[in-house]
Every structure is written in structure tokens, then in C-alpha cells.
Chemist: 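Take this structure, written in C-alpha cells, and hold onto it; I'll ask about it next.
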Amino acid sequence: MAALSSRDLSMFHIALYEPQIAPNTGNIIRLMANNSSHLHLIEPLGFDLEAKKLRRAGLDYRDMTSVTRYPDYTTFLAQMGDRRIFACTTKGSVLYDGIAYRPGDVLLFGSETAGLPQSVMDSFAPAHRLRIPMRPGCRSMNLSNAVAIVSYEAWRQNDFAGGQ
């Protein structure tokens, strides 16, 4: 794990709290390469980063993406410094498009099986808990789809800086 530089050129930072499904993380790696975001993986992971399913889903984008691993949530928080962090959760208070995103913001997503633990949720003010609207009766969305929706809204608000 390398410390984040204040000169990090990533548009946004996407953090996955204890992700469990390799293909989801592979899809997110590919997504991060395409929207110039930095991916942060908070352990424990439910898979080996060299797993075949992860490589297949991420294709050859792993070399085009900045990925940092952290042994735990406390270490991750220490490395984020004073960056704004938003928890993306089905229990959020604010719709994901109701935030004015700034380059350098961190979007934190929970695991596919459990979401964010209550202790992590409680550390965020309601204004920093974001949600994607869903129809009543639906529990959640696929993690890689949720990351795509929120990260592209943040990038759109910043005029797709660096894109073509």
C-alpha cells in the first residue's frame, strides 16, 4: 500500500469495503480505467486478486487503473486524509445526484453480501450517505452497476474532465 499523493490525478476515488465477488471487482477495474478514478480495496477480500474470474472481467485494464489495497478500514481512512467521503448505501438519506461532486471525492461502497456495517454507517453524517432510487421491494443493485451510476454522475457534473 502506497500513500496517496496530493498530486494524484484521479478524478474520483472509489472504495470497496470488503468486496466478495471477483467479477464485480473486475468490472469496476475496467470502469475505473474508463473514467479515470482510483480504486481502493479494503480487506478482507472475498477472492484472490489474481483470480481468473477477476482477470477475465477486468480484461487488460488492470494496468490502466490505479488500485490500492488496505488491510482494514482504519488504515484506509488514515490514507484518505481530508478528502470528502460519501457512503453509498441503500439506507442513504440523499439521492446520489443531489450532491455537488468535486474532483478528489471518495465514494465508499459496501460488500455485495452485507453492504456497509452499521459502525461505518454511523460514522457518516446523513448528508454524506447517498442512495440510488429503486422500486419498492427491491433490496439492492449489483455493486458494479451502482459504482457506474454514481461515479459517472460525479464525472458528468465535472464536465467529463479528461474524457473524450
Chemist: Kindly give the heavy-atom pair with the smallest separation between V106 and A15, and that separation in Å.
Modeler: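 In this case the closest contact between V106 and A15 is CG1-CB, 4.3 Å.
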Chemist: My understanding is that only residues two or more places apart in sequence, or in another chain, count here; which of them pass side chain to side chain contact (heavy atoms under 4.5 Å, CB included) with P133?
Modeler: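 P133: side chain to side chain contact (heavy atoms under 4.5 Å, CB included) contacts with L95, Y96, R131.
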Chemist: Using side-chain heavy atoms (C-beta onward) and a distance below 4.5 Å, is P117 in contact with Y73?
Modeler: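 Sidechains of Y73 and P117: no contact.
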Chemist: On a heavy-atom basis, which atom in D72 and which in I42 lie closest, and how many Å separate them?
Modeler: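 In this case the closest contact between D72 and I42 is C-CG2, 3.7 Å.
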Chemist: Rounded to the nearest 0.5 Å, what separation is found between the CD1 atom of I85 and the CG atom of L77?
Modeler: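 I85 atom CD1 to L77 atom CG measures 5.0 Å (nearest 0.5 Å).
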Chemist: Tell me the ring pair (Phe, Tyr, Trp, His ring centres under 6.0 Å) pairs involving residues 105-129, sequence neighbours left out?
Modeler: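 Pairs touching residues 105-129 that pass the test: F86-H128.
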Chemist: Which pair of heavy atoms, one from A100 and one from Q157, lies closest together, and at what distance?
Modeler: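 Taking every non-hydrogen atom into account, CA-OE1, 3.4 Å.
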Chemist: Can you tell me which residue among I28, T113, N27 is in a side chain to side chain contact (heavy atoms under 4.5 Å, CB included) with L143?
Modeler: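 Among I28, T113, N27, the one that satisfies the side chain to side chain contact (heavy atoms under 4.5 Å, CB included) with L143 is I28.
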Chemist: Check whether any side-chain N or O of S151 sits under 3.5 Å from a backbone N or O of V147 as a donor-acceptor pair, and report yes or no.
Modeler: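 Yes, S151 side chain to V147 backbone: donor-acceptor pair under 3.5 Å.
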Chemist: Walk me through it: do I149 and M141 pass the test side chain to side chain contact (heavy atoms under 4.5 Å, CB included)?
Modeler: CA-CA 10 Å; I149 289 168; M141 297 185 74; 3.4 Å; yes
Chemist: In chain order, what residues pass the side chain to side chain contact (heavy atoms under 4.5 Å, CB included) check against L45, with sequence neighbours excluded?
Modeler: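 L45: side chain to side chain contact (heavy atoms under 4.5 Å, CB included) contacts with P19, L41, E43, F47, L49, R69.
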Chemist: State the OG1-CE distance between T89 and M121, to the nearest 0.5 angstrom.
Modeler: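 Answer rounded to 0.5 Å: 4.0 Å.
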Chemist: With sequence neighbours left out, write down each residue that passes side-chain hydrogen bond (donor to acceptor under 3.5 Å, both in side chains) with D122, or none if nothing qualifies.
Modeler: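 Only Q118 meet the side-chain hydrogen bond (donor to acceptor under 3.5 Å, both in side chains) criterion with D122.
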Chemist: Show, in sequence, the C-alpha distance, side-chain angles and deciding distance for R129 and K91, and conclude whether the side chain to side chain contact (heavy atoms under 4.5 Å, CB included) test is met.
Modeler: CA-CA 8 Å; R129 295 180 199 163; K91 298 169 185 70; over 6 Å; no
Chemist: Less than 3.5 Å apart, any donor N or O on the side chain of S37 or H13 sitting next to an acceptor on the other?
Modeler: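 No, no side-chain donor-acceptor contact under 3.5 Å.
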Chemist: Drop me the distance from L130's CG to L107's CG, to the nearest 0.5 angstrom.
Modeler: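 Atom-to-atom, L130:CG and L107:CG are 7.0 Å apart.
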Chemist: Could you note down all residue pairs passing ring pair (Phe, Tyr, Trp, His ring centres under 6.0 Å) where residues 136-161 supplies at least one of them, sequence neighbours left out?
Modeler: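 Qualifying pairs, neighbours excluded: Y152-W155, W155-F160.
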Chemist: By the side chain to side chain donor-acceptor pair (under 3.5 Å) test, which pairs, at least two apart or in different chains, include something from residues 135-146?
Modeler: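 Listed once each, the pairs are N24-N142, N142-S144.
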Chemist: For residues 150-164, which residue pairs qualify under salt bridge (Lys or Arg N to Asp or Glu O under 4.0 Å), counting only residues two or more places apart or in two chains?
Modeler: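 For residues 150-164, and leaving out neighbouring residues, the salt bridge (Lys or Arg N to Asp or Glu O under 4.0 Å) pairs sorted by first residue read E153-R156.
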Chemist: What pairs with P44 under side chain to side chain contact (heavy atoms under 4.5 Å, CB included), at least two apart in sequence or on another chain?
Modeler: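 Partners of P44 by the side chain to side chain contact (heavy atoms under 4.5 Å, CB included) criterion, ordered by chain and then number, come out as E18.
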Chemist: How close do M11 and N158 get, counting heavy atoms only, and between which atoms?
Modeler: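 Answer, listing the atom of M11 first, then N158: SD-CB, 4.3 Å.
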Chemist: Under 4.5 Å between any side-chain heavy atoms of Q79 and H40, yes or no?
Modeler: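 Not touching, per the 4.5 Å side-chain cut-off.
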Chemist: Within the structure provided, determine whether L108 and V120 are in side-chain contact (heavy-atom separation under 4.5 Å).
Modeler: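 They are in side-chain contact.
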Chemist: Please list, chain by chain and in numerical order, all residues satisfying side chain to side chain contact (heavy atoms under 4.5 Å, CB included) with A154, sequence neighbours excluded.
Modeler: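 A154: side chain to side chain contact (heavy atoms under 4.5 Å, CB included) contacts with F12, Y101.
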Chemist: What's the separation between atom CG in L31 and atom CG in L39, rounded to the nearest 0.5 Å?
Modeler: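 Going from CG on L31 over to CG on L39, the span is 9.5 Å.
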Chemist: Quick one: which residue pairs count as a salt bridge (Lys or Arg N to Asp or Glu O under 4.0 Å) with a foot in residues 102-113, not counting sequence neighbours?
Modeler: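 Checked against salt bridge (Lys or Arg N to Asp or Glu O under 4.0 Å) - neighbours excluded - the pairs reaching residues 102-113 are R84-D105.
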Chemist: Measuring from atom CG of D97 to atom CD1 of I132, what distance do you get when rounded to the nearest 0.5 angstrom?
Modeler: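 CD1 of I132 is found 10.0 Å from CG of D97.
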Chemist: Can you see which heavy atom on A87 is nearest to which on L116, and at what distance?
Modeler: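 The pair with the smallest heavy-atom distance is CB-CD1, 3.7 Å.
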